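Accompanying notes for the structure given below.
What you see is a predicted model, and the numbers here were worked out from it, not measured in a lab. Within every chain, numbering begins at 1; the chains are lettered A, B, ... in the order of the sequence lines, protein sequences first and strands thereafter.
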Amino acid sequence: MMLEQYLDIQPEVAAALANNQAVVALESTIISHGMPYPRNVDTALEVEQAIRDQGAVPATIAIIEGRLKVGLDEAQIRHLGQAGQAVAKVSRRDIPFVVAAKKDGATTVAATMILAAMAGIKVFATGGIGGVHRGAQETFDISADLQELAHTDVAVVCAGAKSILDLGLTREYLETQGVPVVGYQTDSLPAFYTRESEHSIDYRLDTPEQIASALKAKWALGLNGGVVVTNPIPEQYAMAPELISEAIETALKEAEEQGIAGKASTPFLLARVCELTGGNSLDSNIQLVLNNARLGAQIAASYCK
Amino acid sequence: MMLEQYLDIQPEVAAALANNQAVVALESTIISHGMPYPRNVDTALEVEQAIRDQGAVPATIAIIEGRLKVGLDEAQIRHLGQAGQAVAKVSRRDIPFVVAAKKDGATTVAATMILAAMAGIKVFATGGIGGVHRGAQETFDISADLQELAHTDVAVVCAGAKSILDLGLTREYLETQGVPVVGYQTDSLPAFYTRESEHSIDYRLDTPEQIASALKAKWALGLNGGVVVTNPIPEQYAMAPELISEAIETALKEAEEQGIAGKASTPFLLARVCELTGGNSLDSNIQLVLNNARLGAQIAASYCK
Amino acid sequence: MMLEQYLDIQPEVAAALANNQAVVALESTIISHGMPYPRNVDTALEVEQAIRDQGAVPATIAIIEGRLKVGLDEAQIRHLGQAGQAVAKVSRRDIPFVVAAKKDGATTVAATMILAAMAGIKVFATGGIGGVHRGAQETFDISADLQELAHTDVAVVCAGAKSILDLGLTREYLETQGVPVVGYQTDSLPAFYTRESEHSIDYRLDTPEQIASALKAKWALGLNGGVVVTNPIPEQYAMAPELISEAIETALKEAEEQGIAGKASTPFLLARVCELTGGNSLDSNIQLVLNNARLGAQIAASYCK
Ligand SMILES: [Mn+2]
Ligand SMILES: [Mn+2]
Ligand SMILES: [Mn+2]
């Protein structure tokens, strides 16, 4: 590999990694595509600060003018936040094309895991992961995040997967691929805006130390692949499971009535569920990311001990 | 990798491997979860003896107090057999958690393959492998054994897969993943209690030498992954295919009538098929494992030449 | 790996690789199974010449008497062409068995990628790739070519996939696995006999240099796996999309009426679509392969710069 030809690790991040200090990776699709400007930029900076407050170093990941960036400065974060949807959304498949064309790219969960692993970062905090879409039995619409979790050695701290996905099928897919799902202080699979779902997790672990110790065992044994660490949204920001299920049912019915299917389905459902559950979901989204950043920093710190 | 930090290879097994002598791996879920006490312990010891009788060294695999064990002594086998269902069933996903918590674990086909490969053992004998479950088109319920076969360099000698699975879909899945299915002295895919099924195998090979020679070519070429070596149950212990199909049909109908679906389905079907086909299936199960152990030892011996 | 024990690289090919000169791999199933004798042999030689005309070295790949051959001479090509269907069709799964039995084998897309990668060849030109079969939601019939594309570092230049496959599901499967689909001078996914389909590609690139530069970035970054480079059939040989869709509809209806399903389905559909669209499809097939060979040579040349 001639990585250095393509990869820039921010000096602060490189120094932390060299000194075995805690580093937490952060994705950039959440900045460009996940939230409106300027809340996206403010949030990205707050999330970095939350990681620093725990004594760890944040490394926001993106592609800037074809360079793989592990660690962005404020100007770069602002650039991605202002460009928004105009920035290419980059998954595994897309990386070489955005690099070769010297373009900007916002990294998804899959691509962020890849760049984190290239830099040697073991813990990555985000909002939610992709999964198996409802109806994937017919459409085969399954996020590339799941294959990345099967192969790349990074722990992804998240609030679960959004319940417009099929959480049961997502669990089965991860089981077949040998990817563990940890519940942090919970026995139930969190579903992003809700703290609980009808699905279980594989292992409930109640401290960052326990999680770090399982990660160490996994990778020391050469058991390649990621771990999903699910962290329920803080109680005061959580929605009631019935509220969200009802909104999803309504949105699904509307999609069927309006003949919305295939590729158009997911953005429609996400937008309708957001509208139907009231305007406060952005606040919840921000709070769960901050919550995951803090836990990620604690796990990273424990992993370095 | 810092394997030695986690892995104990029994001295006899380590010596055999160092001297290029035949070693056959054995799983432990069959001991703890597959048979009632004390038949499970007696069988585990008989299977080890059957391997010794062929001039090879047995290595029963499990996790004991968080240590990966390749090769168990009689006391350890008895411990797992007595503990039974109380011992955690460990697949790829579970290994780091059981290790980190310093617990006991009985290894499934997938986890046994992993530990065998860590130790350098190339041949593993068991009863049957996991596969694609009936109805997986809807449920995505596919055993992690199949992904392990896609990636880990171990030949698994078995009597096929139980016919409560969907054998046709299992064949397709293995084909997509590039995993060969060998029939030992048979053109038809054995289905555990029956010598034949309506499904074919990829290659009929009639001697352990032919099998060993294909394994050598596969791994010398860097073609990673396992091989399924199917060995029909000895004739005198076999059930008639009609008998077992009928029992499965009945069990499936009962499951539907009683509303048993999802996770609860497989244990229900296994138990009902066992009852419906009479009480002698445990004897058949033991005999097919012994039969596979003998063939495994012969393949391992030929592989070492 | 003890590759040299099994692998013969033709001296001309080995010299070109050692001197960083352009080499293009070619498959052999297209010779033995894809066209009638003697057109198959004539075409194979013409395709090699088309690659030479672009200044690159062709390497037709097959297994001869158990030896992996990268680069065949005319006598060997003629041998495969005359033997036709009598030669074993070899995918990943089959390689070790054909090698161990010292038999001949014609390599599919998957197996050709594997042997090309063993030899260090980065570009492979063929007609079409395998994919997800229509009805795979029920049958799980998915070509092993797709898993090979997920893992093996070779760019496959092709005219897309035949539209008797489910192109939409094939696109989804590749997306999940992180495999990019490039359109050469096209925005639409070519479908073998037609220049367009209703499906999109991931990246339109208009020069061999752009494609080579993305391939370099991909593999320099350690992003393992292949790239599908789709190259529309030359206009004068293309069929109208409606013509081929109609023929497929008719063939699918006939298959249902005649109760043809499962394994028998694909050969039946291929044959009927060929008959229904008139006898000139062989000419089209030859022309698209030549077209892909030329593009492959140009990409390989640019990759070596
Ligand atoms: Mn998708
Ligand atoms: Mn399962
Ligand atoms: Mn197939």
Side-chain angles (χ1 to χ4, degrees), chain B residues 131-138 140-142 146-147 149-151 153 155 165-183 198-207 209-229 302-303, chain C residues 1-7 63 66-68 88-103 105 108-111 113-115 117-119 130-133 135-152 169-170 173 176-177 224 261-263 266:
Chain B
V132 177
H133 286 266
R134 291 185 187 226
Q137 293 105 329
E138 287 307 309
F140 283 24
D141 190 359
I142 298 172
L146 301 188
Q147 278 295 315
L149 283 162
H151 295 110
D153 296 7
L165 296 171
D166 189 316
L167 299 183
L169 295 186
T170 301
R171 291 282 286 123
E172 287 289 352
Y173 194 95
L174 290 171
E175 183 176 341
T176 301
Q177 300 288 332
V179 179
V181 178
V182 170
E198 53 173 335
H199 301 281
S200 63
I201 43 78
D202 297 322
Y203 291 93
R204 175 191 177 129
L205 297 178
D206 289 338
T207 65
E209 288 71 30
Q210 284 177 310
I211 298 172
S213 144
L215 296 178
K216 275 187 205 181
K218 180 172 168 67
W219 296 321
L221 291 169
L223 298 171
N224 292 335
V227 172
V228 183
V229 178
S302 179
Y303 189 86
Chain C
M1 254 198 281
M2 299 148 291
L3 267 183
E4 59 286 352
Q5 213 182 307
Y6 295 94
L7 176 66
I63 304 179
R67 303 283 310 166
L68 307 182
K89 201 170 149 180
V90 173
S91 184
R92 166 177 280 268
R93 169 185 80 179
D94 307 291
I95 297 173
F97 296 89
V98 172
V99 164
K102 302 197 190 310
K103 292 200 175 157
T108 61
V109 168
M113 288 180 74
I114 293 169
L115 271 62
M118 282 177 182
V132 177
H133 286 265
Q137 294 103 330
E138 288 307 308
T139 63
F140 283 23
D141 190 359
I142 298 172
S143 167
D145 292 354
L146 300 187
Q147 278 296 315
E148 210 59 51
L149 283 161
H151 295 111
T152 302
L169 295 186
T170 302
Y173 193 94
T176 302
Q177 299 288 330
N224 292 335
K263 293 271 168 200
T266 300

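- Looking at Q137(C), only its backbone comes within 4.5 Å of chain B, counting heavy atoms on both sides.
- Residues meeting the salt bridge (Lys or Arg N to Asp or Glu O under 4.0 Å) test with R67(C), sequence neighbours left out: D8(C).
- Contact of L205(B) with chain C is made through the side chain alone, with heavy-atom distances under 4.5 Å.
- Surrounding CD of E198(B) are at most 12 heavy atoms belonging to other residues, nucleotides or ligands under 6.0 Å away.
- Smallest separation of non-hydrogen atoms from L223(B) and M118(C): CD2-CE, 4.3 Å.
- Not counting sequence neighbours, the partners of Q177(C) by the side chain to side chain contact (heavy atoms under 4.5 Å, CB included) test are Q147(A), Y173(A), Q147(C), A150(C), Y173(C), V179(C).
- Chosen from E175(B), K216(B), Q210(B), the residue pairing most often with chain C at heavy-atom distances under 4.5 Å is E175(B).
- With sequence neighbours excluded, no residue satisfies side chain to side chain donor-acceptor pair (under 3.5 Å) with H199(B).
- Using a 4.5 Å cut-off between heavy atoms, I114(C) touches chain B through its side chain atoms alone.
- For V132(B), the part lying near chain C is the side chain, with the backbone staying farther off; criterion is any non-hydrogen pair under 4.5 Å.
- Proximity to chain B among residues 89-98 of chain C is limited to R92(C), R93(C), D94(C), I95(C), P96(C), F97(C), V98(C), judged by heavy-atom separations below 4.5 angstrom.
- Looking at L221(B) and L68(C), their side chains come closer than 4.5 Å, going by heavy atoms from C-beta outward.
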